[in-house]
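Please see the structure below; I have some questions.
In this chain, residues are counted from 1 in sequence order.
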Amino acid sequence: MPCAAGSVGGVRASSTRQVMTATSHEPDQGLPLSSRQEWCWEWERCYDELYPKAVSLDCSTTLRMQGPLDVGALREALAEVALRHDALRLRLLDAKAPIEQVVRPRQALRPEPFPLETMDLGDALRRRELHEILLDLTTRPFEVTEWLSRATLLRLATDDHVLLTSFHHLVFDEPSHQVYLRDLAHFYNRRVAAPGADSVRPALSYVDFVRTENTPRARLDTASRLAGWADRLRAHGSGDLLPGRTTGFLPLQHHYDSVPVDLSAEESRRLLRAARGERVSLYALLAAALARTLGGFYGRERLILSTPSHGRVRPETRSALGLFSNMIQVPVDLGRTPPNGLFRQVDGVLRDASAVVDLPFGRLAEAVLGRRGDAAFHRHALAHAELRLYGVTGWIVDRREHEIPMHGLRTGLAPYHQDFSRLKYATPQSSLSAAATFSVGLTMEAGRLTGALRYETTYHGRRTAEALADGFRGRLTDLARAGARRP
């Protein structure tokens, strides 16, 4: 997950007054983490060293800007984004339990509402690739009690810049990228092209979102629903890991590999037709096929899949920055359910799972599995396999956009790939739950489903992964043939 930023100056007084109404008043005391932030902090605690070793907890955007950049306007635009979205003004009171956070009051943010460094790469690019420089910058640790976001403006040439904005996952998720880039472009353009333009509508306050979740009535309701969902997960074998080939101690540092799972454009089109014919989502069709494959291979009648949910169930959250996403579990009962019945069952369970997206993951895992000492739960701890589907359903961001409309500039996202090889788990419990879980990621791109099954090499091994990938692909091929027979 990637993001970016640079050096910040003050904001014009008139601009500040326009933004002052965007979010509610700041609290004067510490706030607990939201249910979604609790999931992220639980995940971070799985590793033996906190950030930057846990590089997955950085969300960064790299925006290439070619043309006559107005750096002053960019600084003011970044400042206004931070003033508009109070999630970017959050900081932790302490990095030790119990975790609390506070939001910086606007008046305390001058002269830098959003820290922006500037770097002239000069000769550096002759010695190193831009990708390597970006990777180094994104793996710098955050001072979480000071800032959870930062920006760096890299000058490649007089008319060529890269804006790297980095956010801790505690205050940012994948859909936030679209909101951030849209607002940044709007505020920049308003300064360089349309100084009198109206401001965007006020954003939902993430601080108010946290407060609402922590009213006595909300906490009581959450506890009741959490107990019911925990019972359901236990009944489907949560914590009963898929067996692997390793015995004894599993290394705390993992090694992963993947097996491709690709379909042709015609097969993908037929799968979509099959899903429409069954009146279920494509995700439900794929999840049912994956569950059947795993169940047949391991001789299980009950399985749990998991997937990240954007969690933005209220319309106003779709224009707000912050961490709203969470991991949801999809308990599947294979039993003697016929294939078409399984599709509808999974489709219904997905709706059930989406309704509990606000349950704190750590508390749920503790209720299901129990906690050993102060060990944390990996995001896969409650499931047997993860299935991600991009580019088809849900409110997701197409971060492959080539143009971000900034006046007088040619812009585009500059992709880079993070290095996860340094991750090392803190406890055997976290290591084992991460290693035992298969992860299948599929993307619909140019009308074709492509992706891979990812596995931990020590625990599962290549032969097992290839057998499962082949079985899953075979089931999808059969479903595509069935889709071809539909009118």
Side-chain angles (χ1 to χ4, degrees), residues 228-229 231-243 261-263 267-309 327-357 368 380 382-390 392-394 436-442 444 449 451 453 464-465 467-487:
W229 194 246
D231 287 343
R232 190 167 177 178
L233 295 182
R234 274 193 295 268
H236 281 77
S238 184
D240 179 12
L241 302 176
L242 296 179
V261 179
D262 299 331
L263 279 79
E267 287 174 322
S268 302
R269 185 180 63 81
R270 290 174 178 177
L271 271 182
L272 283 168
R273 182 185 293 177
R276 286 194 297 269
E278 296 291 343
R279 298 183 179 180
V280 299
S281 67
L282 178 61
Y283 184 92
L285 198 78
L286 295 170
L290 180 59
R292 282 280 186 206
T293 304
L294 290 168
F297 189 87
Y298 288 102
R300 297 183 64 107
E301 291 192 346
R302 289 186 166 187
L303 284 158
I304 300 174
L305 305 181
S306 69
T307 191
S309 168
M327 294 299 294
I328 60 174
Q329 299 77 42
V330 185
V332 180
D333 191 348
L334 297 168
R336 298 181 180 178
T337 310
N340 57 344
L342 184 60
F343 300 146
R344 286 189 284 276
Q345 179 206 138
V346 172
D347 203 54
V349 172
L350 276 169
R351 287 192 292 273
D352 295 343
S354 297
V356 294
V357 68
V368 175
H380 290 154
L382 294 172
H384 303 104
E386 177 189 40
L387 174 62
R388 293 179 179 236
L389 177 61
Y390 303 96
V392 181
T393 58
T437 308
F438 290 101
S439 182
V440 177
L442 296 172
M444 182 69 82
L449 272 174
L453 181 148
T464 297
L468 287 170
D470 289 345
F472 181 47
R473 192 187 300 108
R475 287 184 183 276
L476 296 183
T477 301
D478 291 342
L479 289 172
R481 290 196 189 104
R485 294 193 290 269
R486 292 184 179 276

ask   = Taking side chain as C-beta onward, heavy atoms only, is L285 less than 4.5 Å from L271?
value =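 They are in contact (side-chain heavy atoms under 4.5 Å apart), so the answer is yes.
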message = Check this for me: R279, atom CZ, are more than 12 non-hydrogen atoms of other residues, nucleotides or ligands nearer than 6.0 Å?
response = no
message = Quick one, R232 and V349 - any side-chain contact, counting heavy atoms below 4.5 Å?
response = yes
request  = Taking all non-hydrogen atoms of both residues into account, name the closest pair between A469 and L453 and its distance.
outcome  = N-CD1, 4.2 Å
request  = Could you pull out the closest heavy-atom pair between L303 and G295, with the gap in Å?
outcome  = CD1-N, 3.5 Å
remark   = Hits for side-chain contact (heavy atoms from CB on, under 4.5 Å) against V356, two or more places apart or cross-chain, chain-then-number order -> R225, W229, L359
message = Please check: side-chain N/O of Q345 versus main-chain N/O of D333, any donor-acceptor pairing under 3.5 Å?
response =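 Yes; at least one donor-acceptor contact below 3.5 Å.
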inquiry  = Holding to side-chain contact (heavy atoms from CB on, under 4.5 Å), I want the full list of residues that pass it with A289, two or more places apart in sequence or in another chain.
reply    =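 F472, R475, L476, L479.
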ask   = Taking all atoms of both residues into account, what is the closest heavy-atom pair of L305 and A287, and its distance?
value =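 Heavy atoms of L305 and A287 come nearest at CD1-O, 3.5 Å.
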ask   = Residues in side-chain hydrogen bond (donor to acceptor under 3.5 Å, both in side chains) with S439, at least two apart?
value = E386
inquiry  = So, using side-chain contact (heavy atoms from CB on, under 4.5 Å) as the criterion, who are the partners of Y298 when residues are at least two apart?
reply    =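 Expected list: L242, P243, L294, R300, F438, H460, T464, L468.
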Which residues share a salt bridge (Lys or Arg N to Asp or Glu O under 4.0 Å) with R234, sequence neighbours left out =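 Checked R234 against salt bridge (Lys or Arg N to Asp or Glu O under 4.0 Å); matches are D231.
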ask   = Residues in side-chain contact (heavy atoms from CB on, under 4.5 Å) with D262, at least two apart?
value = P260, R448, T450
request  = For H380, enumerate each residue passing the ring pair (Phe, Tyr, Trp, His ring centres under 6.0 Å) test, keeping only those at least two apart in sequence or located in another chain.
outcome  =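 Scan of H380 (ring pair (Phe, Tyr, Trp, His ring centres under 6.0 Å), adjacent residues dropped) gives H378.
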query = Is R344 salt-bridged to D347, going by a charged N under 4.0 Å from an acidic O?
reply = no
query = Side-chain contact, heavy-atom cut-off 4.5 Å: V346 with V332?
reply =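 Heavy-atom side-chain distance check passes, below 4.5 Å.
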ask   = Atom CG of D352 and atom CD of Q329: how far apart are they, to the nearest 0.5 Å?
value =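 Those atoms lie 12.5 Å apart.
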note = D478 and R481 have their tightest heavy-atom pair at OD1-NH1, 2.9 Å
key: Over all atoms of both residues, closest heavy-atom pair of S306 and M327   = OG-CE, 3.7 Å
query = Can you tell which of L233, I328, I304 makes a side-chain contact (heavy atoms from CB on, under 4.5 Å) with L382?
reply = L233
